[in-house]
A.B. asks: 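Mind looking over this structure? Questions follow.
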Amino acid sequence: MTTTDGLTDRLARLKAQRQAVILAHNYQTGEVQDAADFVGDSLELSFQAARTQAKVILFAGVHFMAETAKIISPERTILVPDPNAGCPLANMVTPRELAERRREHPDAVVVCYVNSSAAIKAMTDICCTSANAAKVVASIPADRPVLFIPDQSLGQYVAGQLGRELILWPGYCPTHHRILARDVRELRAEHPQAKVVVHPECTRDVIALADAVASTSGILRYCRESQAREFIIGTEIALLHRLHKENPGKTFYPASPLADCPNMKLNTLEKLVWSLEDMVYEVTVPEEVAGKARRALQRMLELSSPPAEVP
Ligand code: SF4
């Protein structure tokens, strides 16, 4: 049997040999996060992909994130440890459906959450993440209608924040929608001092109960800076790994143990090693799609502040 230490050593050797960097999303398992050079949310990982000098990016996340890295950094080889790690939310909009909707709203600016395929990004005007969605929508002139795709919950939240009507797409994250308002109320009754901090992919009912609503990087920042000692966390449960690690004196309760994304969890330490050994599974995006998608992503990056650390 190979131990975690053995796998970690092999991974370190392979990384040097392949001149690779490992980027991992905040929803990866603790062992994958610990093996990564950089752990972050979608926006932070996009910046890392744009700036790294490594030849190979091994992307531990889901497929649309690796596609985004390829679009932003076309000269790098992008690998994913498991090609089956997709995102059901991203699959809730197809190019045919979007083309139809665009015909219905010819004046609309299409704002596309990065949880979408490259083909969809290529059909949109500007991308956003949960960290910058309000800023991106606010950058669009008030007299232009906005079609916000594909996450309805994030769209509703942004519309409420800006007091602006948005045309919403009926997509949702099945993992975040497993968190119920009842779960939050019960936990709050048990831990009355705890702050409730949730991700905007949660349902409107859950968001209404929160003390703070933020992207994963925003949740990490809120919990780090808050004077509170206890927190109820409404997002994918793997974020608790970083929360515990970075805040040893504080206590975190997952809003629901069911908020466990099976796609994110397909990546394991073994698969990271195999991926660099065999140089699989490479993610490619045809240039005619990548060129258009890149413009939508670059517009977003120009509106956002980059993180300080670059591997
Ligand atoms: Fe997609 Fe939700 Fe899983 Fe994120 S947590 S990858 S949005 S299904």
Side-chain angles (χ1 to χ4, degrees), residues 23-30 32-33 36 39-46 49 59-70 78 80-94 111-121 124 127-133 148-158 168-180 183 197-204 206-207 213-220 233-243 254-268 271 281 283 300:
L23 304 185
H25 191 266
N26 284 323
Y27 295 159
Q28 292 296 293
T29 62
V32 170
Q33 290 189 31
V39 183
D41 65 10
S42 298
L43 182 61
E44 292 168 332
L45 294 174
S46 299
F59 208 113
V62 291
H63 191 258
F64 75 79
M65 296 177 177
E67 268 190 341
T68 302
K70 185 65 187 176
I78 312 292
V80 290
D82 189 319
N84 297 312
C87 169
L89 167 60
N91 295 339
M92 288 180 192
V93 52
T94 65
V111 176
C112 177
Y113 189 28
V114 285
N115 296 37
S116 52
S117 68
I120 292 295
K121 289 185 180 81
T124 62
C127 289
C128 72
T129 71
S130 53
N132 63 17
F148 190 94
I149 62 167
D151 190 62
Q152 191 169 29
S153 299
L154 177 62
Q156 272 164 356
Y157 175 66
V158 170
L168 300 174
W169 192 271
Y172 66 97
C173 164
T175 298
H176 283 85
H177 277 219
R178 276 188 217 125
I179 301 170
L180 305 179
D183 300 329
V197 197
V198 310
H199 192 278
E201 283 174 23
C202 288
T203 64
R204 203 201 304 238
V206 168
I207 288 177
V213 183
S215 65
T216 53
S217 56
I219 294 175
L220 287 160
I233 303 297
T235 192
E236 213 280 349
I237 52 174
L239 189 68
L240 271 81
H241 177 74
R242 265 189 84 177
L243 286 166
S256 168
L258 302 178
D260 188 8
C261 177
N263 300 284
M264 287 282 181
K265 303 302 160 52
L266 286 174
N267 301 320
T268 63
K271 288 180 191 171
Y281 297 88
V283 172
M300 168 188 86

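Just so you know, residue 1 is the first one in the sequence shown, and it goes up from there. When a ligand or atom number is given, it counts from 1 through the structure's own listing order.
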A.B. asks: Distance check below 2.8 Å: does C87 bring an N, O or S atom to atom 1 (Fe) of ligand 1?
C.D. replies: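 Yes, since at least one N, O or S atom of C87 sits under 2.8 Å from atom 1 (Fe) of ligand 1.
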A.B. asks: Looking just at side-chain N and O atoms, do T29 and H241 make a donor-acceptor pair shorter than 3.5 Å?
C.D. replies: no
A.B. asks: Distance under 4.0 Å to a non-hydrogen atom of N115: what atoms of ligand 1 satisfy this?
C.D. replies: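 Contacts of ligand 1 toward N115, numbered from 1: 7 (S).
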A.B. asks: Report the nearest protein non-hydrogen atom to atom 8 (S) of ligand 1: residue, atom name, distance rounded to 0.1 Å.
C.D. replies: P88 CD, 3.4 Å
A.B. asks: If we count only N and O atoms by modelled type, under 3.5 Å, do the side chains of Y113 and E201 hold a donor and an acceptor together?
C.D. replies: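 E201 and Y113 do have a side-chain donor-acceptor pair below 3.5 Å.
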A.B. asks: Can you confirm whether F59 sits close enough to L45 that some side-chain heavy atom of one is under 4.5 Å from a side-chain heavy atom of the other?
C.D. replies: yes
A.B. asks: With side chain to side chain donor-acceptor pair (under 3.5 Å) as the test, pick out the partner of E236 among H199, K265, Q28.
C.D. replies: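 Going through H199, K265, Q28 one by one, the side chain to side chain donor-acceptor pair (under 3.5 Å) with E236 is satisfied by K265 alone.
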A.B. asks: So, T235 and H176: side-chain donor and acceptor under 3.5 Å apart, yes or no?
C.D. replies: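 Short answer, yes.
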A.B. asks: Starting from atom 2 (Fe) of ligand 1, find the nearest protein heavy-atom neighbour and note its residue, name and distance.
C.D. replies: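 So the nearest neighbour among protein heavy atoms is C173 SG, 2.3 Å.
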A.B. asks: Counting heavy atoms only, which of Y27, Y113, Y172 comes nearest to atom 4 (Fe) of ligand 1?
C.D. replies: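 Selected option, by shortest heavy-atom distance: Y27.
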A.B. asks: Of all the non-hydrogen atoms in the protein, which one sits nearest to atom 3 (Fe) of ligand 1, and at what distance?
C.D. replies: C261 SG, 2.4 Å
